[in-house]
Amino acid sequence: MSPAAPPLSAEYAMMPRMPLRTGPLIGRDTDLSRLADAIGLRPSPGAQPGGVVVLSGDAGIGKSRLVRQLVDDATAAGWFTALGHCVGQAGASLAYLPFVELVATVDAGHPDVVERVLDTHPSLGHLLPGRAAAHDGTAVERAGSPTDPGQVAEAVHALLSALGDAQPSLVVVEDVHWADHSSRDLITLLLTRGFTRAVGLVVTYRSDDLHRRHPLHDTLAVWARIAGLEHVDLAPLTDDAVRELVSGVEGAPTDAGTNAEIARRAEGNPFFAEELVASAAAGQSLSGGLSRVLRARVEQLDDTAQRVLRAIALKGGQFIGHELLSRVVALPDETLEAALAAAVEHHVLEARWPPAYTFRHALLGETVADGLLPGERLRLHRAYAAALAERPELAPASELARHAAAVGDLPTAVRASRAAAESAMAVGGPQEALLHLERALSWLDEDDPERDEVTLRASRAAMVAGEPIRAVDLLRDRLDHPGSAQEPGTRADLLATLVIRSRVLDLPVDSVALTDEALSLIGEEADERRVRVLVARVQALVDTGSFVEAAVVGNEVSLLAERLGMGVALAEVRTILARVLEAQENLESVEAHLRSVVADIPAEDPLLLRAVHQLASVAHRRGDLPGSLALYDRGAEVARRMHREWAPWGQECRLLGGLTAYELGDWDGAVRRLDLAGRPSPQPGRAIFTAAALSVHAGRGERVDPDLVAGLREWWHVDGLCVVLTVMPAVDVLGQSGDLAGVLEVAEAAVRVLDAAWGDYHAVARLGALVAGQAAALVPHADADLRARAVALVDELTDRARRIGEPRPALERPSRPTFERAAAEPLEDTSRETWAWTARLEAEALRLQRVAGADEPPPVDELVAAWRESVAAFERYGHVFETARSQARLAAALRAGGDAVASREVAEQARAVAVRLGAEPLLAELGEARPVPSGTRPTGSRPSGADHGGTPELTPRELEVLALLAEGLTNGQIGKQLYISTKTVSVHVSNLLAKLGASGRTEAAAVARRRGLVRQ
């Protein structure tokens, strides 16, 4: 137990007190130097000022005081400084709140810079609406309505960069534990990109506020991976520093006992120390926690001042304006001003001009708010709601919504939340808009017809925010619970919207039936609603393969949209109908059609993303991988410009661009496109990108955490693409580790999910080829049951892949004309990727038959011919790595057939690619395919056949590694001797241990000597 606080002397308690004022910064010299160095405040000769840093620490630990000192130092050094504050309560749902403050400060100090940036980035005007209107009345319209978050992000980054050009500048964003979602994303972008100009960025947050589910947790994980980002965590002050701080505060006690007790109780927290001094100065006991000490500070004021403080505490936010406060407390001006003056004098409030007030520290405000009685809280909420209903310009709409909801005025709360959502969307804050709209839904009765419109808007906000599952769930919930007053036309809108949005995922939705219901609800009136429903109908028919009916409906809606002047809907229909053209004509005609669609879509229309994506996919199917990559990159750039990277088609362009770069052999480019470091990302998008990046990890032989694959499988039920992108590299990773059972389990699980989601799918050819390839390497060492299971799975996948390549309708319906599958077009021309993987599967199936103990194994010449066809197919397709992997296996087949010269030539071609890509598993495999030159075999090695004692056949390269391992060399030393990487040596050693049945290197060496595999 803590000792009792020493009593204060009577003389000290009776002394008149002056307002407490903190002295100089104490005990933070090292932290201040780290911050100054991180932002380049004192750069070394030739170095560029600027840098980014994150400052964290407990409440009251001195973050704000340290930042103020840094700002003072920067100002003294000739820097421009600007601060933006995040705030709790209502402020947490205001999009870009700290940046509104920052941009206003920049506008006041450098209006010429803001003027220039507004010319090129009109979205900046959303953070300065008055300035934008004065600059150009059409600025907001040019930025697009609603604004995409990326446009705002680009504008802020451009502004700060231009500011750094004009003058070295320090920008601070404080208390991001209260930041809104959009501000967190924007801060992440700024920290990730950094600045090439003289701009220092400091971000602070309260670390003790971060509970397990705090929204900043995920963001901090992203920040931890940002290269070059300095992290400074403020530790408690030492006791000596606290004593020095206390002694420098005006009005502090002078007796050593009291000072020592203050230092002990403060536990290194300077704010707590100052408050303890204030408590001692007022003659209060030093016992109790911080909240008691803070309450004691407030209780020194009279009842009127405390009443004013309670009103300010409930308001929340950084500052409350004088006029709003006056309306809420309803005090005479003189009385209010006297109360405010007393609170400022007692160091509880701070004031600024124009008149506005805030607590000196957020902990003071939190303490006052926590002490409110239920009746007081209700009365204050009612006063705020009444004041803001009469004068809504005095605070954001979200504050009116909060106060109105607290007193049960739900109609006002709903209206205010909808207004707040529109404001959030206008400045590019879809997450905040979704929050406001979902709050409104929680206040609306199920029978309220307004619920339909709010649901549609909430679903749209969710899609723009990159949360398609949420968007679909909102629509489904309203359709399943329509209430008693739902209008038929509104229900039709909900149904049509569900059809369009659910196709982004692989969730079970009968889209044709949904559009049947929607059409039955709207009748025959030729209006915009009918266009929306018919567009959904066309999409549903195309998705289910009903191309003839889709063409008929598409023609009807195109004529109607043109007559009504709905250009966007017309372009959307033309884009959808490209799928019908694919069924009737060759891909060149489809490409020409899509190019004309792309040319007609305005640059700022999000539909452009879909059209470019579809054009890129056609190029990919034709085997034009470079052209496809260029188009995917174009789409990704459009998505970045619109900041729709996680909206439909935007994320697909970037994702497929990364996968196409992987196929072209630009693995570094693939990693760059797929890397999510520094990019906050919603699910399932994050899972899909993570799965896509696994292909590079598997190709390079890098370790993949099994828990990662297990985590990705949690999203398989949502999106079939996640299944495909996970299972393909997982098969290789598990196969490389020798886990045949794991290969079969993950492949069988993937087949079950994809069969349920997709029915027939081209990916079965690639999956079958990869499973067959790993099985061929592993079944010689597997038990009979596992071998039979592997052969059965490969046989099944091979049969299914062969059916995919047959010229037939996509779905077997007697009434469907043959043109719907373009039966005359060979697979080589309509899907070169599937054609190549089918050829590979045939070769792998033959290879598996030869090693699995088939009664009549295929002859070597048939195997060689199949591998030549696989190599040719992948060369024509353009897949660099799979061409090389096919070449490695062709080399092995040639070697088995006795053609050592051809084997060596083909293996060297594959080896060159493997070296360039850093494909360690392929290099290890090529050690088996490459004949070892004479004179290089270790003494005692056997060129072919099984080793004595039943040891599986060792490859020449393995024998080389084994000989050096027996000499006691490390993996690194072996690699230097054989001119291969340490990782490749590790693969060989693992294989050797398995083949020799040894538990370690020493036992392997002993077994090798005993069996005559190496020299004694």
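Please read all numbers here as calculations on a predicted model, not as lab measurements.
- Under the 4.5 Å side-chain criterion, counting only non-hydrogen atoms from C-beta, Glu920 is not in contact with Gln736.
- Using a 4.5 Å heavy-atom threshold, the side chains of Ser695 and Met728 count as separate.
- Applying the salt bridge (Lys or Arg N to Asp or Glu O under 4.0 Å) criterion to Glu842, with sequence neighbours excluded, gives Arg802.
- More than 12 heavy atoms of other residues, nucleotides or ligands shown are found within 6.0 angstrom of CZ on Arg787.
- The residue from Arg832, Glu882, Glu663 that alone fulfils the side chain to side chain donor-acceptor pair (under 3.5 Å) condition with Tyr877 is Glu663.
- Note: His717 and Trp715 have parallel aromatic rings, judged against thresholds of 30 and 60 degrees for the angle between ring planes.
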Which is it for Leu744 and Val771 under the side chain to side chain contact (heavy atoms under 4.5 Å, CB included) test, yes or no, and what are the steps along the way? CA-CA 7 Å; Leu744 300 180; Val771 172; 4.2 Å; yes

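- Between Arg911 and Val915, the closest side-chain pair of non-hydrogen atoms falls below 4.5 Å.
- No side-chain heavy atom of Val961 sits under 4.5 Å from any side-chain heavy atom of Glu958.
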Steps toward side chain to side chain contact (heavy atoms under 4.5 Å, CB included) verdict (Leu894, Arg868): CA-CA 10 Å; Leu894 290 167; Arg868 289 192 187 279; 3.6 Å; yes

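- Of all the heavy atoms in Val727 and Ala750, the pair that sits closest is CG2-CB, 3.6 Å.
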Derivation and outcome, side chain to side chain contact (heavy atoms under 4.5 Å, CB included), residues Arg1001 and Val989: CA-CA 8 Å; Arg1001 300 166 73 92; Val989 170; 4.0 Å; yes

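- Glu652 CD to Leu721 CG: the interatomic distance, rounded to the nearest 0.5 Å, is 8.0 Å.
- The minimum heavy-atom distance linking Pro468 with Met463 is given by the pair CA-SD, 3.7 Å.
- To the nearest 0.5 angstrom, Arg672 atom CZ is 6.5 Å from Asp666 atom CG.
- Closest approach of Ala661 and Arg673 over heavy atoms only: CB-NH1, 3.6 Å.
- Qualifying salt bridge (Lys or Arg N to Asp or Glu O under 4.0 Å) partners for Arg193, counting only residues two or more places apart in sequence or in other chains: Glu154.
- Among Trp835, Trp867, Trp837, the single residue meeting the ring-ring contact (aromatic ring centres under 6.0 Å, His included) criterion with Phe874 is Trp837.
- Residues Leu625 and Leu629 are not in side-chain contact: their nearest non-hydrogen atoms beyond the backbone lie 4.5 Å or more apart.
- Val696 is linked by a side-chain contact (heavy atoms from CB on, under 4.5 Å) to Tyr662, Trp667, Ala670, Val671, Arg700, counting only residues two or more places apart in sequence or in another chain.
- A search for salt bridge (Lys or Arg N to Asp or Glu O under 4.0 Å) contacts involving Arg789 returns Glu748, not counting sequence neighbours.
- No more than 12 heavy-atom neighbours from other residues, nucleotides or ligands sit within 6.0 angstrom of CD on Glu869.
- Nearest heavy-atom pair, Ala616 versus Leu631, reported as atom, atom and distance to 0.1 Å: CB-CB, 3.5 Å.
- Taking Arg847 as the reference, Glu844 meet the salt bridge (Lys or Arg N to Asp or Glu O under 4.0 Å) condition, with sequence neighbours excluded.
- Note that CG of Leu841 is 12.0 Å distant from CZ of Arg800, once rounded to the nearest 0.5 Å.
- The heavy-atom pair separating Ala893 from Val860 by the smallest distance is O-CG1, 3.6 Å.
- At a threshold of 4.5 Å between non-hydrogen side-chain atoms, the residues Leu917 and Leu922 do not count as touching.
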Chi angles and distances behind the side chain to side chain contact (heavy atoms under 4.5 Å, CB included) call for Arg654, Tyr632: CA-CA 6 Å; Arg654 181 165 157 236; Tyr632 281 133; over 6 Å; no

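- One finds the NZ atom of Lys995 at 5.5 Å from the NE2 atom of His781 (value rounded to the nearest 0.5 Å).
- Counting only heavy atoms from C-beta outward, the side chains of Leu694 and Leu708 approach each other to under 4.5 Å.
- Summarising the geometry, atom NE2 belonging to His697 is positioned 11.5 Å from atom CG belonging to Asp705; distances are rounded to the nearest 0.5 Å.
- Taking each heavy atom of Pro780 and Val851 in turn, the nearest pair found is CG-CB, 4.0 Å.
- Of the inter-residue distances, the one linking Ser628 atom OG with Leu615 atom CG reads 9.0 Å to the nearest 0.5 angstrom.
- Leu965 places none of its side-chain heavy atoms less than 4.5 Å from the side chain of His988.
- By the side-chain hydrogen bond (donor to acceptor under 3.5 Å, both in side chains) test, Asp624 is found to be paired with no residue, residues two or more places apart in sequence or in another chain being considered.
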